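The block underneath contains the structure these notes are about, expressed in C-alpha cells.
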Amino acid sequence: LLKAWGAHVTVTCSHNAEQFVRGLGADHVVDYTAGPVEEPLSLLEKFDLVLDNIGGDTERWALGLLKPWTGAKYVTLVTPFLLNTDRLGIADGMLQTAATVATKMIKHLVKGVHYRWGFFAPSGPALDEITEMVDAGQIRAVVEETFSFSQVPQAFEKMEKGHARGKTVVEISQGGS
C-alpha cells in the first residue's frame, strides 16, 4: 500500500526473501540475518514512519531512526493489551495498558516523534479502496498456500512456524457449492 501511495519503502528481511520483497516494491532491503539491523538502518536517511511487527527490543532503537519534529511516527503492532487484560482482568488490564501507552507517547513526543500502537478493525470503505487498487494492478495479493476447510489444523501448523511469504488461505467452499 505504501508503494502505491508513492512512498520510498525500506524493508528488513532475510537474504533469501530479498527478491520477493523487491518484487513487491521495496526500494531498499536490509538483511536481518547479517547482524543487527539497527546499524545499517542508522546509516540511511531518517524515516517518516517505522512500522514494527516484531516487537521486543526493536522499540529501543527504532525510534532513533525517525526524523524528529516532522510528524514522524513509530507504529508497533505488538502491544501488551491482551497480555495485560489476560493477566489483570479487563478493567485493570485496560488501565495498565492506557498508562503504558500514555507514558510512551509523552516520553517520545518530547523527543519529537510520535509513538503509536496499531490496532485494526474491519472497514467496508477501506476494503473497497483496496479492491480497486488490486483491480488496477497497484497492489497484489500474495497467497503462499491454500488449504481446504478439512485441513485447518495443517494451516494452523504452517502459520505457527512463521516466516510466511504471503497469506495462508482456508477455502470454506468450492465454487457455488
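These numbers were taken from a predicted model, which means no experiment stands behind them.
A heavy-atom distance below 4.5 Å is not found between the side chains of Val75 and Trp117. When side chains are defined from C-beta on, Val142 counts as touching Phe20, because their heavy atoms get closer than 4.5 Å. Two residues are said to be in side-chain contact when any heavy atoms from C-beta on lie closer than 4.5 Å; Asp48 and Leu66 fail this criterion. By the 4.5 Å heavy-atom criterion applied to side chains, Glu18 and Asp31 are not counted as neighbours. Within the 4.5 Å cutoff, the side chain of Glu59 has heavy atoms near those of the Tyr74 side chain. Leu41 places a side-chain heavy atom less than 4.5 Å from the side chain of Phe47. By the 4.5 Å heavy-atom criterion applied to side chains, Val169 and Phe147 are not counted as neighbours.
Note on Phe120 and Ile130: same hydrophobic cluster, where clusters join Ile, Leu, Val, Met, Phe, Trp and Tyr whose side-chain heavy atoms are under 4.5 Å apart, directly or indirectly. Cluster annotation: Met94 is connected to Phe119 through the hydrophobic network of ILVMFWY side chains, with a link wherever side-chain heavy atoms come within less than 4.5 Å. Linking Ile, Leu, Val, Met, Phe, Trp and Tyr whenever their side-chain heavy atoms come within less than 4.5 Å leaves Val11 and Leu65 in two separate clusters. By the criterion of side-chain heavy atoms lying less than 4.5 angstrom apart, applied directly or through intervening Ile, Leu, Val, Met, Phe, Trp or Tyr residues, Met105 is not grouped with Val78; the two fall into different hydrophobic clusters. No chain of hydrophobic side-chain contacts below 4.5 Å, direct or via other Ile, Leu, Val, Met, Phe, Trp or Tyr residues, connects Val9 to Val50.
Atom OG of Ser150 sits about 10.5 Å away from atom CD of Glu171, to the nearest 0.5 Å. Atoms OG1 and CG, from Thr100 and Asn84 in turn, are 6.0 Å apart once rounded to the nearest 0.5 Å. Interatomic distance, Leu63 CG to Lys104 NZ, rounded to the nearest 0.5 Å: 9.0 Å. Here the straight-line distance linking atom CD of Gln138 with atom CD of Glu129 works out to 9.0 Å at 0.5 Å rounding. Between the CD1 atom in Ile139 and the CG atom in Leu24 there is a gap of 10.5 Å [rounded to 0.5 Å].
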Could you go step by step and tell me if Val143 and Thr168 meet the side-chain contact (heavy atoms from CB on, under 4.5 Å) rule?
-> CA-CA 6 Å; Val143 176; Thr168 299; over 6 Å; no

side-chain contact (heavy atoms from CB on, under 4.5 Å) assessment of Lys73 paired with Val113 = CA-CA 6 Å; Lys73 290 177 180 60; Val113 297; over 6 Å; no

Worked verdict on Thr10 versus Val29 for side-chain contact (heavy atoms from CB on, under 4.5 Å) = CA-CA 6 Å; Thr10 298; Val29 178; over 6 Å; no

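Within 6.0 Å of the NZ atom in Lys3, the count of heavy atoms belonging to other residues, nucleotides or ligands exceeds 12. Within a 6.0 Å radius of NZ in Lys107, other residues, nucleotides and ligands contribute 12 heavy atoms or fewer. The environment of Ile90 atom CD1 is sparse: at most 12 non-hydrogen atoms of other residues, nucleotides or ligands sit within 6.0 angstrom. The neighbour count for His15 NE2, taken as heavy atoms of other residues, nucleotides or ligands under 6.0 Å away, does not exceed 12.
Of all heavy-atom pairs spanning Val30 and Pro40, the tightest one is CG1-CG, 3.6 Å. The minimum heavy-atom distance between Lys67 and Thr70, with the atom names listed, is O-OG1, 2.9 Å. Residue Thr97 comes nearest to Pro80 through the heavy atom pair OG1-O, 4.2 Å, listed as atom of the first residue, atom of the second, then distance. When all heavy atoms are compared, the tightest approach of Gly93 to Leu88 is N-CB, 3.7 Å. Closest heavy-atom contact between Thr76 and Thr79: O-CG2, 4.2 Å. In this structure, Cys13 and Val21 approach most closely via the heavy-atom pair SG-CG2, 3.8 Å.
Paired with Glu144 under the rule side-chain hydrogen bond (donor to acceptor under 3.5 Å, both in side chains), one option of Arg165, Lys158, Lys167 passes, and it is Lys158.
Thr85 places a side-chain N or O within 3.5 Å of a backbone atom of Phe81 that can act as its donor or acceptor partner. Formation of a donor-acceptor pair under 3.5 Å by the Lys46 side chain with backbone atoms of Gly64 is found in this model. The closest donor-acceptor contact from the side chain of Arg22 to the backbone of Asp27 lies under 3.5 Å.
The aromatic rings of His108 and Tyr115 sit parallel to each other, their planes meeting at less than 30°, with 60° as the upper class boundary.
Scored by the salt bridge (charged side-chain N to carboxylate O under 4.0 Å, His left out) test, Glu145 finds no partners at all (sequence neighbours excluded).
With salt bridges taken as basic N to acidic carboxylate O contacts below 4.0 Å, none links Lys161 and Glu157.
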